[in-house]
Amino acid sequence: MTEHTFFVPLSFQFRDINRMNIEQTLQEAILQAIKELYQADAEASQITLQKTKKEFTGHYTLVTFPLLRISRKKPEETAQEIGTYLVENAPVVTEFNVIKGFLNLTISPAVWVNLLREINADPDHGFTPVTDDAPLFMVEYSSPNTNKPLHLGHVRNNLLGHSLCEVLKANGKRVVKTNIVNDRGIHICKSMLAWQLWGNGETPESSGKKGDHLIGDYYVLFDKKHKEEQAVLQEKGLSKEEAEAGSKLMEQAREMLRRWEAGDEETVALWKKMNDWVYAGFDETYQQMGVSFDKIYYESETYLPGKEEVLKGLEKGLFYRKEDGSVWADLSPTGLDHKLLLRADGTSVYMTQDIGTAKLRFDDYPIDTMIYVVGNEQNYHFQVLSILLDMLGFEFGKGLVHFSYGMVELPEGKMKSREGTVVDADDLMAEMIETARETSAELGKLDEATPEEAEAIARMVGLGALKYFILKVDPKKNMTFNPQESIDFNGNTGPFIQYTHARVRSILRKAEEQGIALPDKLDTGALLSEKEEGLVQLLSEFGTVVKQAGSEYNVSLIGNYVYELAKEFNQFYHDHPILREENTALRDFRLLLSKNVALTIKRGMKLFGIDVPERM
RNA sequence: GCACCCGUAGUUCAAUGGAUAGAAUACCGGAUUCCGGUUCCGACGAUGUGGGUUCGAUUCCCGCCGGGUGUACCA
């Protein structure tokens, strides 16, 4: 790495260059250059500017190939001419070099100092404040069933949902976080029945179990008893189908569902009691995970409105009824198939409920964009939902977004509920925190901390490891979660980023102890290295990354950005002094840079729902 | 069968149509040390396959191969 000395004059003249706009300034200058050199107007889209790769000198690179049609010259020649023009006429550009068709531009060091100063002065750096008239986004995520606890798959869902909301807010959108709870249906009745038959009045209090785990256990128990029953029947010589048809347990469960739908008081009371246990359990899990909701919908309240909408659609002739009474939508004009909306017995299916839920939501809020965070196994479902809502006359149907994500596997392989290899969310989080505690103790990092501090840090690190590892991966891809790798203090991990933050904060604390004040302005000369300029450049890109993440609904972009920032800082300042630097101008620059690196890491991690400790 | 998604170092992940495809981790070599376990440096190592579009393709289009998911009365 080469270091070069620049004296930054007090009165440099780049007032017109504000921080986010270096690229824009360059683009305009390049357009101007083309106009003067070739007497032609280029489209802004023809100006492809990108960050200069590390192995070359420069900050930004102009790819000249798209411009050859205008210049009618060779790539090298074109680059040479534009470069010369820019150095002579654009104050931002101080040097250039040409490699093949690539024009590498070096930005004046004064610009970087100025940029850092402006970033520091902007309390919203990277984020757009939310205004009252901003577009309203509703984001549905989590969507649990009330018959079993949350597992690893839900963890990815919750983290993505929460993170997406944070990213949208950082982009100035109004966000309503919502959850749809699947609280009715045969699966709940199985748990209820098992509890009635074999529960002996067990409660979360009496058993010491979380409510959702308790109910989950009864669901499993039902399954076990049902299998035993089937085995007995099959031993008596019944076929598999006959045994299933003759199941007393299933019959009782279905009977319970009928009573529930009929509003039978006792059944409804039991249902309510057991669901409340589950909700208490979920609340604990959500709190531990750090996610929350503004408004929760329950399918028990949306399936009837859904039915109404379907019947209305039937009247309007949008749907048709078969001889057996079932209601269908013919989607063949859109290239899809026929879709069932109401069963022959008049009861609703999943799709019916989602139509009802959508209607209630749009009655409740002036939603501009509805986003569903749901696994990719339901891609087809949401494609159909969008079309159906549109057919029913809801304008929002067409624009709904299915934020589709892939499965999470473990290094050992897939989770299979039948084989008992499902990873429970509560257990997982507890283990992560425990591992963080052990690792910290081993490394002796927290010897000076109070037990409360140590506990809080273990929590941040354990959960940070989990969250970062899951969120850094492109949501739409299937992924493998490796708990061990995730909690490593080196590498592209949450703990490494947290460590870097703690390290920067420690530097700033020491500065304060030594009576070195953070500068409020940088108006002196500084000796900047390429790395330092690169760090300022990285800092300035934060806003762009956040914006891109928001417009693409792809939160993983944030992770890679923050990691790079942390890594670059950590690497460079491992053996470059900050506090012992004798040149005070340089020291001031480094302090201010440190402060803003820490702030940006903190802001970035906030978008992941990850807390960063002051020390660790 | 049909539809959608995914195939990148041993492994886990990157790469708005741009330069010699980046990290991390593992393994190997060197340095460092209270240390087989820490830290630093170095080396090794990849676009499933065949075409097409383009000045330029991991990226876009078509055909294969492989994996995943879904596909009319589960949610």
Side-chain angles (χ1 to χ4, degrees), chain A residues 45 48-56 58 61-69 74-75 98-104 143-147 180-188 299 303 322 324-332 335-354 374-384 402 404-407 409 411 414 442-444 468-482 484-486 488-493 496 544-545 548 551-552 554 556-557 559-561 563-564 567-568 571 574-575:
Chain A
S45 62
T48 47
L49 269 176
Q50 52 195 261
K51 244 177 120 170
T52 303
K53 296 193 129 200
K54 276 179 190 162
E55 56 266 40
F56 303 107
T61 297
L62 175 71
V63 183
T64 57
F65 297 105
L67 303 172
L68 301 184
R69 227 170 261 173
K74 287 179 189 159
V98 177
I99 293 170
K100 297 193 205 165
F102 297 92
L103 172 60
N104 300 321
S143 318
N145 289 348
T146 53
N147 64 327
I180 175 80
V181 180
N182 177 17
D183 61 344
R184 62 171 284 278
I186 192 74
H187 50 289
I188 314 300
E299 289 192 353
Y303 78 106
K322 279 192 186 172
D324 65 3
S326 56
V327 177
W328 296 75
D330 178 6
L331 303 176
S332 49
L336 300 177
D337 223 321
H338 292 237
K339 185 75 188 173
L340 175 79
L341 299 176
L342 288 176
R343 294 194 189 96
D345 62 7
T347 56
S348 66
V349 293
Y350 182 37
M351 189 59 77
T352 327
Q353 289 167 181
D354 260 354
V374 181
N376 62 11
E377 68 273 13
Q378 292 188 31
N379 285 355
Y380 182 73
H381 174 82
F382 283 97
Q383 203 183 338
V384 173
H402 176 202
S404 161
Y405 62 90
M407 296 193 322
E409 293 175 23
K414 266 189 206 169
E442 266 175 43
L443 297 175
Y468 184 81
F469 198 95
I470 288 182
L471 289 173
K472 73 170 179 178
V473 180
D474 186 347
K476 71 169 182 271
K477 289 186 178 176
N478 289 353
M479 67 169 294
T480 304
F481 173 65
N482 185 331
Q484 237 178 345
E485 200 179 306
S486 77
D488 199 330
F489 281 67
N490 290 306
N492 188 356
T493 65
F496 171 76
T544 312
V545 174
Q548 197 187 345
S551 62
E552 290 178 14
N554 180 357
S556 68
L557 303 170
N560 293 308
Y561 168 82
Y563 170 64
E564 197 181 340
K567 193 181 68 164
E568 293 286 316
Q571 243 168 30
H574 209 87
D575 32 39

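Worth knowing before you read on, the calculation uses all heavy atoms, side chains too, and leaves out hydrogens, waters and symmetry mates. A, B, ... follow the sequence lines: proteins, then strands. Residue 1 opens every chain.
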Atom-pair distance (CD on A/Glu409; P on B/rC5), nearest Å: 19 Å
Bracket string, RNA chain B, 5' to 3' - pairs by Watson-Crick or G-U geometry under 3.5 Å, | interstrand: (((((((..((((....[...))))..((((.......)))).....(((((..]....))))))))))))....
P atom, B/rG29 versus B/rG70: distance in rounded Å? 47 Å
Within 45° of the ring axis of A/Phe56 and under 6.0 Å from its six-membered ring centre, is that where the NZ or CZ of A/Lys54 lies? no
Taking atom C1' of B/rC55 as reference, at what distance in whole Å does atom CZ of A/Phe102 sit? 10 Å
Tell whether A/Asp324 reaches the base of B/rC73 with its side chain through a donor-acceptor pair below 3.5 angstrom. yes
Of the listed B/rG68, B/rC5, B/rA23, the closest approach to the A/Lys476 side chain comes from B/rC5
In whole angstrom, give the distance that lies between atom CG of A/Asp488 and atom P of B/rA23. 18 Å
A/Tyr563-B/rA23 aromatic stacking (under 5.5 Å, under 30°): no
Work out how far the P atom of B/rG66 is from that of B/rG48, and round it to whole angstrom. 15 Å
Let me know the distance between CG of A/Asn482 and C1' of B/rU11, rounded to the nearest Å. 9 Å
For the residue pair A/Asn379 and A/Ser404, confirm or rule out a side-chain donor-acceptor distance under 3.5 Å. yes
Can you measure A/Asp337 atom CG to B/rG1 atom C1' for me and round it to whole angstrom units? 13 Å
Would you say A/Gln378 and A/Tyr350 are linked by a side-chain donor-acceptor pair, where the criterion is simply a distance under 3.5 Å? yes
Considering only heavy atoms and no angle criterion, is a donor-acceptor pair shorter than 3.5 Å present between the side chain of A/Thr493 and the base of B/rA24? no
Using OP1 and OP2 only, check whether a side-chain N or O of A/Asn490 sits under 4.0 Å from B/rU39. yes
Among B/rU16, B/rA14, B/rA15, the one nearest A/Leu557 by side-chain distance: B/rA15
Ignoring the backbone of A/Gln50, work out which of B/rU16, B/rU69, B/rA72 is nearest its side chain. B/rU16
Taking for each residue the nucleotide of RNA chain B bearing the nearest heavy atom, is the 5' side occupied by A/Ser556 or by A/Lys322? A/Ser556
Nucleotide B/rA23, atom C1' - distance to CD of A/Glu485 in whole Å: 12 Å
For A/Asn482 and A/Phe469, what are the C-alpha separation, side-chain angles and deciding distance, and is it a side-chain contact (heavy atoms from CB on, under 4.5 Å)? CA-CA 8 Å; A/Asn482 185 331; A/Phe469 198 95; 4.3 Å; yes
Quick one: A/Asn478 CG to B/rC4 P, roughly how many Å, whole number? 18 Å
